[in-house]
Amino acid sequence: MVIRIAAVGDVHLDEDVVGRFRPALEELPECADVLLLAGDLTRHGTEAEARCVAQEFGGLAVPVVTVLGNHDHQCDQVPQVVKVLEDAGITVLEGDGVVLDCAGGRLGIAGVKGFGGGFAGRCASDFGEPEMKAFVRTTNESADRLGAALRSLDCDMLVALTHYSPVPDTLVGEPLEIYPFLGSYQLGQAIDSAPTALAVHGHAHAGTERGTTPGGVRVRNVAHPVIKQAYSVFHVGDQLDTDQVSPIGGSGSQRSWS
Ligand SMILES: [Fe+2]
Ligand SMILES: [Fe+2]
């Protein structure tokens with residue numbers, strides 16, 4: 001049995017971009033059971049931009065599940081953004097999960113935005129000024145909520161959805177100096193704390209598509225500027241997990257924002 005997962009992140013929608021993804025999205029039922037959005041849906045996190053997201057990704061023939069990204073927080077309108085998305089039928093995860101009944105089995109998706117902090121040997125530590133401790137506490141709490149959500153789901157296949165990266169592998173191409181702002185090893189530890197089949201994230205526009213957690217979980221950076229198509233499709237199931245080359249063409253939007 002196989003579950004087919006389409007995913008894209010960092011679509012950064014505004015009025016100029018609306019409509020570019022839709023033709024490919026209409027073809028989703030042919031190749032995927034669900035669409036995951038890995039955050040940075042908008043440019044500045046306004047309610048108006050959220051309505052653009054709702055217009056583009058609402059009413060599709062497959063379930064849509066998302067986390068928010070840092071850009072979606074920029075204007076401090078997260079409650080309004082979430083409401084617009086949920087009113088459009090999009091499931092918004094933040095430290096929780098959802099189980100979907102797919103033809104190939106029950107798919108569990110746990111999601112969290114995540115946060116920075118860095119990776120083993122090059123990471124922020126819970127030491128010193130209150131501001132630094134608060135930074136690391138945010139990282140730890142985010143990862144803890146992801147791990148708890150992953151371990152709580154009763155499903156056949158388990159997927160982790162984040163905006164920030166859980167591994168450095170998928171950041172290759174980004175400047176080393178900003179790795180601590182692109183993800184944290186704690187997210188990787190959370191993913192490895194459960195029988196996760198696949199982890200997808202965004203945020204690293206100049207990064208690399210493929211990586212692996214220390215525990216061997218397949219990680220994919222699905223940021224739109226990286227995958228350069230409307231979405232990528234991944235298969236998880238009894239047989240060997242595979243990445244599918246999407247027959248769907250690019251959306252035409254290859255602008256790069258952080
Ligand atoms: Fe982004
Ligand atoms: Fe981002």
Side-chain angles (χ1 to χ4, degrees), residues 6-18 20-21 35-46 48-50 52-53 56-57 64-78 81-82 85 90 92-95 111-119 124 135 138-139 142-143 145-146 160-188 191 199-211 219-232 250-258:
V8 63
D10 302 85
V11 293
H12 289 283
L13 284 192
D14 60 14
E15 287 184 9
D16 293 344
V17 184
V18 169
R20 291 178 140 180
F21 289 82
L35 173 65
L36 305 184
L37 301 176
D40 277 5
L41 311 174
T42 66
R43 296 190 71 179
H44 299 102
T46 66
E49 289 175 348
C52 295
V53 178
E56 194 78 346
F57 291 94
V64 180
V65 180
T66 192
V67 293
L68 299 186
N70 56 313
H71 277 245
D72 305 318
H73 282 251
Q74 169 61 16
C75 284
D76 296 324
Q77 296 181 21
V78 166
V81 166
V82 169
L85 298 177
I90 297 169
V92 183
L93 300 180
E94 177 50 44
V112 74
K113 175 177 63 64
F115 201 52
F119 299 92
F135 181 95
T138 301
T139 303
S142 184
R145 283 184 288 125
L146 176 64
L161 174 63
T162 63
H163 181 59
Y164 285 76
S165 177
V167 295
D169 311 20
T170 48
L171 305 183
V172 173
E174 297 279 5
L176 271 174
E177 291 86 348
I178 67 168
Y179 275 32
F181 306 105
L182 297 177
S184 68
Y185 74 90
Q186 291 94 327
L187 289 172
I191 289 164
V200 298
H201 73 88
H203 193 43
H205 292 205
T208 301
E209 191 169 2
R210 297 176 176 223
V219 178
R220 294 294 181 262
N221 176 2
V222 296
H224 179 56
V226 171
I227 65 173
K228 296 182 171 64
Q229 57 187 354
Y231 45 80
S232 293
S251 73
S253 173
Q254 295 184 16
R255 288 183 284 172
S256 182
W257 302 294
S258 60

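No hydrogens, no waters, no symmetry mates; every other heavy atom, side chains included, goes into these values. Atoms within a ligand are numbered from 1 in the order they appear, just like the ligands themselves. Here the structure is a predicted model, which is why all the values come from computation and not from measurement.
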Of all the N, O or S atoms in D40, the one nearest to the Fe ion (ligand 2) is OD2
Contact check: N70 to the Fe ion (ligand 2), N/O/S below 2.8 Å:
yes
Find, among atoms of D10 that are N, O or S, the one nearest to the Fe ion (ligand 1), and state its name.
OD2
With heavy-atom distances below 4.5 Å as the criterion, would you say the side chains of K113 and Y164 are in contact?
yes
Evaluate side chain to side chain donor-acceptor pair (under 3.5 Å) for T170 paired with S165, printing each intermediate quantity in order.
CA-CA 7 Å; T170 48; S165 177; 3.1 Å; yes
Output, in order, the C-alpha distance, side-chain angles, deciding distance and verdict of side chain to side chain contact (heavy atoms under 4.5 Å, CB included) for D169 and R210.
CA-CA 7 Å; D169 311 20; R210 297 176 176 223; over 6 Å; no
With a 4.5 Å cut-off on side-chain heavy atoms, are T208 and E174 touching?
no
Answer yes or no as to whether an N/O/S atom of H12 is found below 2.8 Å from the Fe ion (ligand 1).
yes
For the Fe ion (ligand 2), what is the closest N, O or S atom on H163?
NE2
Ring-plane angle category for F119 and Y179, please: parallel below 30°, perpendicular beyond 60°, tilted otherwise.
perpendicular
With carbon and hydrogen excluded and only N/O/S kept, which atom of H203 is nearest the Fe ion (ligand 2)?
ND1
